[in-house]
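Please read all numbers here as calculations on a predicted model, not as lab measurements. Chain letters run A, B, ... following the sequence lines, proteins first, then strands; residues in each count from 1.
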Amino acid sequence: MTTFYDHQKLEQKWQKKWQKEKLNLADDKSKKPKKYVLDMYPYPSGEGLHVGHVESYTATDIISRYLRMKGYNVLYPQGFDAFGLPAENYAIKTGVHPAETTRQAIKNFKCQLNSLGMSYDWSREVVTSDPNYYQWTQWLFLQLYKKGLAYKKKAPVNWCESCQTVLANEQVVNGLCERCESEVVQKDLEQWFFKVTAYAEELLNKIEEMDWPEPLKHAQKNWIGRSEGALIKFQIPNSKSQINSKFKIPTCRQARQNSKHFIEVFTTRPDTLFGATYLVAAPEHPLIEDLKLKTENWSEVKKYIQKSKTKSQLERTDLAKEKTGVELKGVKAINPANKKEIPVWIADYVMMGYGTGAIMAVPAHDERDWEFAKKYNLKIFCVIEPEISMDFDPSKITPKQFFKSIEPYQEEREKIRRGEIVFSGEGIIINSEKFNGLKSEQARDKITKFVKGQKQTQYKIRDWLISRQRYWGAPIPIIYCDKCGIVPVPEKDLPVKLPQDVDFKPTGESPLALSKTFHKVKCPKCGASARRESDTMDTFVCSSWYFLRYADPKNQKEIFSKKLIKKWLPVDLYIGGMEHAVGHLIYARFVTKVLRDLGYLDFGEPFLKIRNQGIILAEDSRKMSKRWGNVINPDDVVEEYGADALRMYEMFMGPLEDAKPWSQNGIIGIRRFLEKVYKYITRYKEQPTRFDREARRASNKQIPNPTLDLIGGQTNSKLQNSNFEVERQLHKTIKKVTKDIESLHFNTAVSAMMIFINEVTGNQKLATKEIIEKFLITLSPFAPHLSEELWSSFAKASEDKESKYHSSIFNQQWPEYDKKLVVDEEVTIAIQINGKLRETIKVARGIGEKDLKLKIENLDKIQKYIEGKEVKKFIYIKDKLVNIVV
RNA sequence: GCCGCGGUGGCGGAAUUGGUAUACGCGUUGGACUUAAAAUCCAAUGGGAGCAAUCCCGUGAGAGUUCGAGUCUCUCCCGCGGCACCA
């Protein structure tokens, strides 16, 4: 396309100047009110920035620039999530050290971000792989350790064969590794965990108070997964004879076993306890081993346990698969409600990690138990039936009709009783002795008390597994001593630096374990020779606190100073992808709460307002992917159309949070708009005298309101009026853009600016310099380079070297709109007859109902409709619409 | 299966509290300029009927509330996203 301005020259010129002038520094000492605007920092991959980054980063850049012009002291930093697997995998393949690839990638990213005109305060840059940063990640680990919130335990964990490392639950997607999509298997390993579960309740109940997107809130609530229920113990008697002969005194050994041998289950439905016809324990349940002697079919049981151990996460959780299990023959449990003896099974549809690892099965009222019971021919016993809903008036119905209407219910009840269908809802208790007739809700507490059960709240969320058997991460600052056991590295010895002499080839053990310089160490307690922990931390530990470091990034003595944290935190606006809903955001909230409880922070929620940007799809509406060859590289777009056009187009595409397909023609449309702005203002500059002359002439004649400081107008009063319209349009635009930036509706803000430009160019109306200036300021957060260029171009015309045009447009104040000017004096009123639009009429604003009625009734077209008919109603919505009902 | 979000022209999308549906952009068509093309500018552009004035139909489908529904209520269909044997 032919262009009227050279975006490359112009953009580079201003980018250089902005960097030199340091316009974007957040001021620690300023008394102005603060705002903290934050992007989710990028992982510096070799691929560079993609258009999705550009979308969210432009949004925050617009807001930051806007807030600065509004008079805020804005913290708008950027950094890099620099540790992580891709760099290490690349090192395995090529031998290039991750530090080197990361350094290169960061250099490239910064260059790209600058070429987009992002107004980051680079003096606060944070790089998580920098020892000055990970020193404090390690320090954080030590604080958690001291508090008992970091602990080591042997547990079944998710293991990715391909990445040769363990993964957090949050990194396993449908049984596959989030990163490489290979199958995740279970391994029993000794690993470090952070006790996120200790904060489950607070993490959950603060969600509602936050200004976050609804889907994000739901994802978090779901993940934390709170449910209320009860713990109930099922006794396992020693032998048949013991239950039958109540009065026989048990031997000491029997008594001891008796007290030990019970199975505790967690249930959310204690109201169905009378219907529990068997128990099921997870294959990993420790009690199974204890019951070995009693189990008559031990070899079969052992085989089943072995088999389920080798199953992958994917196999075990595959819902489509038929449930399997094995009975512990010879072992019985007593249902504490009705004292009936029930069988005990083992099945891998029960998970060890949730509740107690064992359940009471109520096949009549639980889908899964029903399926299992049907397969293995277990007893189904109905204890709840649905309530008949009376959504009709019984007094207005004959007995015959009544019975007819409840017929379907009766049929359903019969089927439930016979165990033909499952009823998992709430209802009325039956077959439960003295609890019969109660509603489920009432029965829950009563039955729990009756069997001496304990009320309990369970969460689905697990503790956060942070160990990784990989090199490119922050080393866990722990030393193992034969005498002293686990010894934390003293804080003064931090950082525990990553060694250079490593072999990157993964062996299932951390590469650090094979480094001679790293591994051997003296115990800080006793001085004996000891060994270092060789695992590194999950990179999400690094990103769980980076937003705090921006407040005080260069502090060598402490993680951050309380004073600066108080000045800048919490984050006022955080924009990033929805994919971090349950990982990063939960971890960051957790760490914030821990630091608060340790006295380092005085707030518990780091992000007051969060918005998620939607993904940008390719032009073919598929995901952008190398595989499809449909990836748009922002560098190419910047080169061809300019950063301003790219930024503005991405804002114009649609709502920030929606998924939107790319359109090459769309960006051309934006470029056309920018050209129009450029041409219009250039034309103005070429003929300022004409504008001024006409403005003077106009002001000598009839200006509607002289205080409006109106200039311009071509030849006569009609045009004067049209210039008045330009001023009105400007104020409407300022109002709309201001409101839209604050509510993040950037697409309609761009639209408003287009309407303004169409108004002044299309109708050949003349704007004044003041109008042009204000418009440019409004445009500047969106198209910073062009706005700055046009702003500064006024300086040449000015004789005064001290004039504002010699200073950046971003040092100007955001324009206020005039309330009087945003309302039109004339309004168009829609006239409806019986709700259908028939005519519109232009009248003066604020016209009274009587005057309007008279006017309308005189209109020929309206007379046609109301002639000879009775006007039943005349509805008038002020300055908007009239509806005549005939 | 459960939970959440959504469905508006040829396309991306606008539409305060229920008050003129389709703003703005793209595309398309016609015109101006040009030897010609591109670019630019102007005009038209939801569908249908009509010479026209004008009329009828239109926000996934159906019903309801209302003077009036894209917006509120109910039922259903479709798409996207999250969680998923969580007891």
Side-chain angles (χ1 to χ4, degrees), chain A residues 1-4 173-175 213-223 225-227 229 265-269 272 280 316-321 323 347-351 353-362 365-369 371-372 424 458-462 578-579 581-582 614-615 619 621 649 652-655 657-670 672-673 675-676 679 739 745 747-755 758 761-762 828-840 861 864 872-886:
Chain A
M1 65 192 287
T2 51
T3 56
F4 285 78
V173 180
N174 290 328
E214 263 335 286
L216 180 112
K217 287 185 179 183
H218 271 96
Q220 289 211 1
K221 278 186 205 164
N222 238 324
W223 189 258
R226 180 196 151 105
S227 48
V265 304
F266 172 72
T267 177
T268 55
R269 297 295 300 273
T272 65
V280 191
R316 255 188 91 162
T317 56
D318 185 3
L319 253 174
K321 177 206 71 173
K323 296 185 190 355
D348 63 7
Y349 81 89
V350 174
M351 305 286 144
Y354 185 77
T356 61
I359 61 157
M360 63 182 214
V362 186
H365 305 296
D366 183 283
E367 214 58 70
R368 295 153 298 177
D369 298 342
E371 195 189 312
F372 194 77
S424 54
Q458 281 288 340
Y459 301 91
K460 278 198 258 181
I461 194 169
R462 311 290 155 83
M578 177 67 186
E579 68 272 21
V582 293
I615 63 163
E619 198 137 17
S621 286
Y649 170 61
F652 185 60
M653 288 171 86
E657 314 217 349
D658 288 9
K660 307 160 282 270
W662 184 265
S663 156
Q664 203 67 19
N665 281 326
I667 196 161
I668 292 172
I670 293 288
R672 282 209 271 258
F673 162 75
E675 299 268 353
K676 265 192 207 173
K679 277 189 280 182
K739 210 178 99 194
H745 293 144
N747 53 333
T748 46
V750 175
S751 158
M753 288 186 275
M754 286 172 168
I755 292 170
N758 289 345
T761 58
T828 308
I829 289 188
I831 303 166
Q832 297 182 335
I833 311 286
N834 291 336
K836 268 189 183 154
L837 181 74
R838 295 299 177 186
E839 184 66 292
T840 57
K861 200 171 165 190
K864 202 175 84 190
K872 277 191 193 154
K873 262 186 190 172
F874 186 89
I875 293 150
Y876 174 45
I877 308 298
K878 203 172 174 196
D879 293 336
K880 274 205 169 138
L881 164 145
V882 160
N883 193 5
I884 302 167
V885 187
V886 294

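Pairing of B:U17, defined by two Watson-Crick or G-U wobble distances under 3.5 Å, is not identified with any nucleotide. Across all strands shown, B:G4 pairs with B:C80; the Watson-Crick or G-U wobble distances both stay below 3.5 Å. Pair assignment for B:C26 gives B:G10, based on Watson-Crick or G-U wobble hydrogen-bonding distances that are each under 3.5 Å. With both pairing distances under 3.5 Å, B:C33 is matched to nothing as a Watson-Crick or G-U wobble pair. Base pairing of B:U65: no nucleotide in any strand meets the Watson-Crick or G-U wobble criterion (both distances under 3.5 Å). Across the strands present, B:C55 finds its partner in B:G48; the criterion is a Watson-Crick or G-U wobble pair with both atom distances under 3.5 angstrom.
You'll find that the side chain of A:H218 is closest to B:G4, out of B:C85, B:U20, B:G4. Here the nucleotide nearest the side chain of A:V350, chosen from B:A87, B:U20, B:G4, is B:A87. Nearest nucleotide to the side chain of A:M351, out of B:C85, B:U20, B:G68: B:C85. For A:T840, the side-chain atoms get nearest to B:U20 when compared with the rest of B:U20, B:U40, B:G13. Counting only heavy atoms from C-beta on, A:T267 has its side chain closest to B:A87 among B:C83, B:A87, B:G19.
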Please list, pair by pair, any protein nitrogen or oxygen found under 3.5 Å from a nitrogen or oxygen in nucleotides 55-59 of chain B.
{"residue": "B:C55", "atom": "OP1", "partner": "A:R838", "partner atom": "NH1", "Å": "3.4"}
{"residue": "B:C55", "atom": "OP1", "partner": "A:Y865", "partner atom": "OH", "Å": "2.2"}
{"residue": "B:C56", "atom": "OP1", "partner": "A:R838", "partner atom": "NH2", "Å": "3.3"}
{"residue": "B:C56", "atom": "OP2", "partner": "A:R838", "partner atom": "NH1", "Å": "3.1"}
{"residue": "B:C57", "atom": "OP2", "partner": "A:K836", "partner atom": "NZ", "Å": "3.4"}

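Judged by closest nucleotide on RNA chain B, A:T748 is the one of A:V582 and A:T748 placed further toward the 5' end. Looking at which nucleotide of RNA chain B each of A:G654 and A:D369 is closest to, the 5′-most match is held by A:G654.
Annotation: A:E367, atom CD; neighbour count of heavy atoms from other residues, nucleotides and ligands within 6.0 Å does not exceed 12.
Rounded to an integer number of Å, the gap from A:I755 CD1 to B:A23 C1' is 6 Å. When the C1' atom of B:C85 is taken as reference, atom CG of A:D348 falls 9 Å away, rounded to whole Å.
In this structure, A:E619 and A:S663 have side chains that are in contact, with non-hydrogen atoms separated by less than 4.5 Å. For the pair A:D366 and A:I359, the minimum side-chain heavy-atom distance is 4.5 Å or more. In this structure the side chain of A:K323 never reaches within 4.5 angstrom of the side chain of A:D369, judged on heavy atoms. Side-chain contact check for A:Y649 versus A:F673: every heavy-atom pair is 4.5 Å or farther apart. Put simply, the side chain of A:I833 does not reach to within 4.5 Å of the side chain of A:E839, judged on heavy atoms.
The same atom, P, is picked in B:A63 and in B:A69; the two are 14 Å apart, to the nearest Å. B:G9 and B:G46 have their P atoms separated by 13 Å, given to the nearest Å.
Nucleic acid contact for A:T828: base, since at least one base atom lies under 4.0 Å from a heavy atom of the residue. Here A:D658 lies out of heavy-atom contact (under 4.0 Å) with every strand. Using a 4.0 Å heavy-atom cutoff across all strands shown, A:P213 reaches no nucleic acid atom at all. The residue A:G225 sits apart from the nucleic acid: no heavy atom pair falls under 4.0 Å. Contacts of A:K679 with the nucleic acid, taken as non-hydrogen atoms under 4.0 Å apart, involve only primed sugar atoms and P, OP1 or OP2. Heavy atoms of A:A659 sit under 4.0 angstrom from primed sugar atoms or phosphate atoms, though from no base atom.
The glycosidic torsion of B:G50 lies more than 90° away from 0, which places this base in the anti conformation.
Using cut-offs of 30° and 60° for the angle between ring planes, the A:F372 and A:Y349 rings count as tilted.
Under 3.5 Å, the side chain of A:N665 and the base of B:C26 form no donor-acceptor pair of N or O atoms.
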